[in-house]
Structure formats: C-alpha cells, structure tokens
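Below, chain A is the first sequence line, B the second, and so on; all start at residue 1.
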Protein chains: 4
Amino acid sequence: MTEFNNERPIYVQMADRLCDEILAGRYKPDDRVPSVREYSAMLGVNMNTSFKAFEQLSREGIIYNRRGLGYFVTQEACRLISEKKKKELMNRLPQMFRQMRLLGIGISDIVQLWNETE
Amino acid sequence: MTEFNNERPIYVQMADRLCDEILAGRYKPDDRVPSVREYSAMLGVNMNTSFKAFEQLSREGIIYNRRGLGYFVTQEACRLISEKKKKELMNRLPQMFRQMRLLGIGISDIVQLWNETE
Amino acid sequence: MTEFNNERPIYVQMADRLCDEILAGRYKPDDRVPSVREYSAMLGVNMNTSFKAFEQLSREGIIYNRRGLGYFVTQEACRLISEKKKKELMNRLPQMFRQMRLLGIGISDIVQLWNETE
Amino acid sequence: MTEFNNERPIYVQMADRLCDEILAGRYKPDDRVPSVREYSAMLGVNMNTSFKAFEQLSREGIIYNRRGLGYFVTQEACRLISEKKKKELMNRLPQMFRQMRLLGIGISDIVQLWNETE
DNA sequence: GTGGTCTAGACCACC
DNA sequence: GTGGTCTAGACCACA
C-alpha cells in the first residue's frame with residue numbers, strides 16, 4: 001500500500017508513475033514491465049486496478065502486450081510520454097499565468113520558486 | 001448549458017467561476033449574488049448543484065446568507081479568494097517544475113511563455 | 001440472458017448491438033441510451049460488463065456521458081459507426097475473395113448468395 | 001518471430017498457415033511436415049504453441065502422427081481443408097451481406113471489389 | 001506462469 | 001437516481 005492521493009483514480013496515478021519510470025530510463029524499449037500480478041502486489045492494489053493502468057497505456061501506444069508473456073515498452077514510449085506531458089503542461093500553464101497576474105504574482109516570484117525547487 | 005469540463009465536479013467549477021467574478025469586481029462586498037434559482041437557470045444545471053456551490057463558498061467565508069434574501073459577498077471575500085488560490089498555486093507549482101525538468105523544459109521556456117501569455 | 005456467442009467478449013458484442021440500433025435509428029443524436037443498470041438488467045449481464053461496452057463507445061466518440069444523467073448519442077455517431085464498420089469490412093473482403101478463388105468459388109456464387117440473403 | 005495478429009490465437013493462425021501451404025501443394029499427402037521443434041524455431045514461438053496447432057489439425061484428420069517420426073499429411077487433407085474453409089466462408093457471408101445493406105453497400109460494389117482484388 | 005473476461009458487491013461523487 | 005472506482009475472486013485462453 002503506497003502513497004496515493006484521492007484526487008485522481010489510482011489507476012491513473014499508477015499509469016503516471018510507470019510513465020515516469022520509463023522516462024527516467026528504468027524501463028527501456030522492448031523491456032518487459034512488471035506483470036499485472038507483480039505490480040499489484042508491489043503497490044498493494046487489486047489486479048484489475050493494475051490491469052486498467054496497463055490497458056490505458058497500451059491504448060496510448062506506450063506499452064504493448066505479447067500474449068502470455070507480459071507487457072513491453074514500445075520504441076516510441078518516451079516520445080509519446082513526453083508529448084503527452086508537455087501537451088498537458090502547456091495547456092495548464094497559460095491559465096495559471098493569467099490567474100497569477102490577477103493575484104499579483106510576478107515572473108520574478110516564479111523564477112525564485114523554480115530555483116528553490118528540488 | 002455552459003461549458004464545463006468533466007475533470008472536476010460541476011459545483012466546484014461553478015464556485016470557481018463565481019470567485020473569479022468576485023475577484024474581477026463583478027460583485028463587490030455586500031452585493032447580492034444571483035439566487036440559487038437564477039444561477040441554475042443561467043447555467044442550465046440542477047438547483048442542488050448551484051446550492052452546493054454556494055454552500056461551499058459560504059463555509060469558506062466568501063459569501064454569507066441572509067435568510068429569505070439570498071447570498072451576499074463578504075468583506076473578506078477578495079482576500080480569502082486570493083489566499084486560497086495562491087495556496088493552491090504554490091502547492092501545484094513545485095511538482096510541475098520537477099516534471100518540467102524531466103521533460104527538458106527550462107526556466108527560460110517558462111519566462112518566454114509568461115511573456116507571451118495574454 | 002440473451003444470445004451471445006463465445007467467440008468475442010460479451011462487452012464487444014453489446015457495443016456492436018448498440019451501434020446497430022443507433023444505425024437503425026432506434027436512438028438518435030442526443031437521445032439518451034439505456035443506463036448501465038437498465039442495459040445490464042435487459043441483457044442479463046453484470047453492470048461492469050455493460051459499463052465496459054459504454055466506456056469503449058465513449059472513447060470512440062459514439063456516445064458521450066453527462067454526469068449523473070446517463071449516456072447520450074453524439075451527433076457524429078452514425079458517421080463514426082459507418083466508417084468503422086466499412087473499414088472493417090473492406091479489410092476483410094479482399095482476403096476472403098482470394099481464399100474463395102483458391103476454393104473455386106466464383107463471383108456468380110456470391111451474387112446468388114447475396115440475392116438469397118434476407 | 002513472424003507476423004501474427006492478436007485477434008486470433010497464435011496456434012490457430014499457425015494451423016491456418018499450414019493448411020494454406022498444404023492447399024498450395026507445398027506439402028503433399030504422406031509428406032512429412034516440419035517437426036514441432038523445427039516449426040517452433042522457424043516461427044519463433046513456444047513449442048507448446050506449435051504442438052497445439054498440430055494437435056488440432058490432427059483431430060480434424062488433416063495430418064496424422066507416426067510415433068517417433070513426426071506428422072504427415074493425410075490423403076484427405078486437401079478435401080477436408082477445402083470443406084472446412086468453404087463452410088466457414090458460407091457461414092460468415094450472409095451476416096456480412098446484411099451489414100453491408102445497412103451500410104448502403106450494394107452488390108455492384110462487391111462485384112467491383114472482386115474484380116479489383118489480386 | 002502470463003493476460004483477459006466476467007461476476008458480485010461495495011463505496012463514492014454527482015445530479 | 002446516474003456513472004465511476006475499487007475490491008475479491010472465479011474461470012479461461014495462451015505461452
């Protein structure tokens with residue numbers, strides 16, 4: 001049972017986490033990712049929940065299935081993940097910026113926070 | 001029927017929108033905001049949904065209720081809204097920044113986007 | 001419990017059937033289709049199975065969801081269904097034709113079968 | 001690792017392919033077909049998968065087993081394969097025709113596609 | 001052993 | 001009332 005927040009479905013958070021691991025190089029193209037069973041046991045969730053995460057990534061072309069063998073990372077995984085995440089970010093940022101302006105937050109505050117982060 | 005996205009509850013989006021209008025000066029302290037009934041009709045949603053939005057803002061001290069008259073903007077509304085939004089933003093930014101680093105997005109890209117926004 | 005064959009998953013067959021009904025004009029754009037619960041009861045399957053069928057059609061843009069109200073037929077449903085089915089057919093036919101030639105079946109046999117069908 | 005699609009079991013596709021080769025005259029009655037081992041290596045699949053394909057064809061009387069020697073094509077192989085395929089085709093066509101009618105595809109379109117094929 | 005489908009039943013958010 | 005998520009457990013096809 002690892003840390004999941006309740007704002008988004010667990011399977012989405014699991015998919016996200018796997019994406020992060022792929023992006024970080026933990027799993028490379030044609031590497032096998034943990035099986036649904038292993039993944040479930042690892043994170044303390046139901047098999048169907050893991051399966052749903054895998055199914056989604058599969059639909060997005062990030063992993064693929066070889067029957068009876070498991071799920072594997074596609075060649076395009078990194079590219080697809082990056083694109084997806086960038087798109088999400090680029091959609092969210094402009095409206096956040098507008099809100100910040102209304103709240104009196106300036107670019108200098110952002111730069112400072114950036115430098116403090118991590 | 002106005003445009004709501006399906007990611008967040010409708011009542012949350014309605015509350016948010018009302019906050020934005022208050023922040024923009026559309027409703028000032030002690031101004032009466034539209035009634036639950038008007039608000040529902042305006043946005044084409046169920047009255048219970050509007051009510052839930054008002055109730056939430058009421059709990060947060062942003063509007064108050066005068067029985068039989070409707071909901072009114074509090075004196076502290078703007079301040080409370082600003083604080084709430086700032087807090088939310090400041091919570092979300094650090095994790096976004098970390099993600100951006102992984103994606104190869106730098107502070108310069110952000111500054112540029114900031115300058116382009118609006 | 002209605003007639004389902006075991007070759008394809010039940011949820012696929014359910015999705016297919018709903019598509020046929022939409023195509024036949026039984027449900028028109030912005031019509032509400034039966035709820036997951038009704039559909040399950042009607043066909044004698046589990047709610048999750050119905051849900052999976054709806055979810056898939058939803059992803060394909062054939063129906064859409066209005067929260068708490070149910071699923072509704074999109075404006076493009078008919079077009080999307082037709083395209084999907086035509087694509088499937090046009091992929092399958094050529095290889096069937098080649099096989100038929102090998103088996104000594106001619107176009108005249110096909111025409112005859114066509115005229116006898118239905 | 002040859003190209004198999006994920007819609008049908010691999011062993012079925014393998015059996016199908018072998019049938020096609022027999023029909024094409026690649027293997028004649030009483031010819032020995034490749035061993036399970038060779039076949040597996042050739043196509044890059046598990047030996048059990050090859051075995052399942054052979055076993056199925058054996059049950060259908062298309063090949064027969066001589067202990068310690070391998071599998072051999074029966075005298076009736078071609079006839080059985082043809083019959084099987086014709087039966088399958090003739091079962092599938094009527095429902096395809098009904099679908100086509102719904103999609104506005106006419107017999108003339110089919111004839112045209114027939115003439116264009118191969 | 002793997003994934004895939006299905007069931008039954010729970011709980012929640014939302015309308 | 002609606003859909004959405006999650007759990008628990010069964011059975012099957014496939015390698």
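If you check F:dT5, E:dT5, E:dC15 against the side chain of C:P9, the one that comes closest is E:dT5. In the set F:dT2, E:dT5, E:dC15, E:dC15 carries the atom at the smallest distance from any side-chain atom of C:L69.
For D:F54 and D:Y39, the ring centers sit closer than 6.0 Å to each other.
Annotation: of the two residues near DNA chain E, C:R8 and B:R8, the 5′-most nearest-nucleotide partner is C:R8. Mapping C:G68 and A:I10 onto DNA chain F by nearest heavy atom places C:G68 closer to the 5' end of the strand. Mapped onto DNA chain F by nearest heavy atom, D:V12 and C:G70 fall at different nucleotides, with C:G70 at the one closer to the 5' end.
In this structure, C:Y71 atom OH and F:dT2 atom P are separated by 13 Å, rounded to whole Å.
Counting heavy atoms from C-beta on, the side chains of B:V45 and B:S50 come closer than 4.5 Å.
Under the 3.5 Å distance criterion, the side-chain polar atoms of D:S82 are left unmatched by any main-chain donor or acceptor of C:L103.
Residue C:R37 places at least one side-chain N or O under 4.0 Å from the OP1 or OP2 atom of F:dT2.
Residues C:Y71 and C:D31 have side chains that never bring a donor and an acceptor to within less than 3.5 angstrom of each other.
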Map every base of DNA chain F to its dot-bracket character, where paired means a Watson-Crick or G-U wobble contact with both distances under 3.5 Å and | marks a partner outside the strand.
||||||||||||||.
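Taking a 4.0 Å limit (strictly below) on heavy-atom distances, residues 46-55 of chain A reaches DNA chain F at A:N46, A:N48, A:T49, A:K52.
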What verdict does the side chain to side chain contact (heavy atoms under 4.5 Å, CB included) test give for A:E21 and A:V33, after you've listed the backbone C-alpha separation in whole Å, the side-chain angles of each residue and the deciding distance to 0.1 Å?
CA-CA 10 Å; A:E21 293 188 306; A:V33 297; over 6 Å; no
